[in-house]
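Report on the structure given below.
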Amino acid sequence: MKIPFVDLHAQYLGIKGEIDAAIADVIARSAFVRGAHVEAFEQAWAAALGMKFCVSCANGTDALYVTMRGLKIKPGDEVITTAHSWIATTETITQAGGKVVFCDTDPVTFNLDPRLIESRITSRTVGIIPVHLYGQPADMDAVMAIALKHKLWVIEDCAQAHLARYKGRLVGTFGNAATFSFYPGKNLGAYGDAGCIVTNDADLADWTGTFARHGGKGDHVMEGINSRLDGLQAAVLNVKLPHLAGWTEGRRRVAARYDKLLSGVGDVVTPKTAPDRDHVYHLYVIRTEKRDGLKKHLTDAGVATVLNYPKALPYYPAYAYLGHKPADFPVAYANQSRILSLPIYPEITEDMQDYVAEQIRTFFNGNGVPS
Ligand SMILES: Cc1ncc(COP(=O)(O)O)c(C=O)c1O
């Protein structure tokens with residue numbers, strides 16, 4: 001059996017009529033860049049989160065960069081963030097003129113460990129970027145308390161956590177601003193690159209919206225960048241948004257089933273959700289000491305898996321200049337050789353999941369580890 005890591009075509013088939021009509025409408029109106037579909041999506045996404053403003057961008061990476069510029073980051077300003085994320089979280093700190101300061105992760109949730117944040121704060125620290133990694137909210141009460149105490153801004157990187165909740169409250173509503181990615185494989189995904197900033201700060205929304213569109217249309221009040229959402233992406237997102245809650249339930253169902261199927265299999269540690277957090281399972285990431293062997297076995301058996309991510313950020317060549325050692329971030333360092341993301345999407349069938357689990361059991365039996 002062949003099990004893809006994600007199956008966007010299966011999702012398309014479920015909403016084909018709506019998507020095709022929405023795309024045809026964009027073409028009929030030549031509403032290719034910004035326009036009515038984009039405005040409708042900005043309003044709908046802000047409303048879905050209960051936020052005042054949504055500023056759409058070309059992608060989630062730009063959303064981070066533009067937000068930091070909007071918060072007036074200055075050369076040498078330090079920003080604390082997790083050692084375990086996609087590089088967009090940190091490359092944008094540097095691009096905006098700041099200095100990346102890594103912090104290790106919680107041993108259970110893969111998220112920024114708030115117990116370690118204060119030890120990373122210096123007189124140059126200006127902000128914290130928690131990432132709700134894999135779809136599980138970071139410990140926002142703790143992050144916000146530290147930010148308040150030290151007068152730091154907070155940008156929530158919500159690229160993987162659409163509609164996830166912390167103590168019943170949606171992620172993206174805690175910090176000064178939050179950024180989302182709508183990359184095709186995300187829980188809410190466009191048919192190309194797309195992203196946005198959400199905030200309740202009118203000045204920040206105004207500045208970032210202006211900066212992202214060449215510093216203003218007609219009257220350039222500043223030099224900006226070109227980071228516009230296009231109409232086709234917005235039209236696709238408008239069709240998909242009403243389905244998101246149902247798809248999220250589907251992901252939770254699949255995750256709960258994996259939890260059961262993989263319980264007690266070899267040394268597999270299934271993802272744990274901390275109390276009071278509603279995980280949206282953008283990714284379902286197991287841990288095992290036999291990760292490389294298991295990945296190969298699953299690949300040979302037709303099951304696609306991914307490493308999110310092959311290394312913790314401080315250990316990529318891009319950050320060699322910081323000179324970090326394994327002991328600096330022991331949790332993130334250990335996880336980089338243990339993590340394995342299994343296929344998860346609402347359309348995966350029980351038969352497909354059974355097959356994935358059976359292959360994992362077979363691998364551990366063959367390796368002499370009791371399952
Ligand atoms: C945690 C995180 N932050 C930021 C981004 C950047 O989003 P985009 O790919 O839309 O630029 C991603 C996308 O993969 C992500 O996973």
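In each ligand, atom 1 is the first atom listed, and ligand 1 is the first ligand listed. Only this structure's heavy atoms are used, side chains among them; waters, hydrogens and symmetry mates stay out.
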If the condition is side-chain hydrogen bond (donor to acceptor under 3.5 Å, both in side chains), which residues does H243 pass it with, not counting sequence neighbours?
E18

Run the side-chain hydrogen bond (donor to acceptor under 3.5 Å, both in side chains) test against Y355 and tell me which residues pass, sequence neighbours left out.
none

Please name the pair of heavy atoms, one in P271 and one in I286, separated by the smallest distance, quoted to 0.1 Å.
CD-CG2, 4.4 Å

How many angstroms lie between SG in C158 and CG in L163, if you round to the nearest 0.5 Å?
10.5 Å

Tabulation required: pairs of a nitrogen or oxygen in ligand 1 and a protein nitrogen or oxygen under 3.5 Å; columns are atom names and distance to 0.1 Å; otherwise 'none'.
| unit_1 | atom_1 | unit_2 | atom_2 | d |
| --- | --- | --- | --- | --- |
| ligand 1 | 3 (N) | D157 | OD1 | 3.2 |
| ligand 1 | 3 (N) | D157 | OD2 | 2.7 |
| ligand 1 | 7 (O) | S181 | OG | 3.3 |
| ligand 1 | 10 (O) | G60 | N | 2.8 |
| ligand 1 | 10 (O) | S181 | OG | 2.7 |
| ligand 1 | 11 (O) | G60 | N | 3.3 |
| ligand 1 | 11 (O) | T61 | N | 2.9 |
| ligand 1 | 11 (O) | T61 | OG1 | 2.4 |
| ligand 1 | 14 (O) | K186 | NZ | 2.6 |
| ligand 1 | 16 (O) | Q160 | NE2 | 2.9 |

Any residue meeting salt bridge (charged side-chain N to carboxylate O under 4.0 Å, His left out) with R69, in chain and number order, not counting sequence neighbours
none

If the plane angle is over 60° it's perpendicular, under 30° parallel, otherwise tilted; pick one for F211 and Y65.
tilted

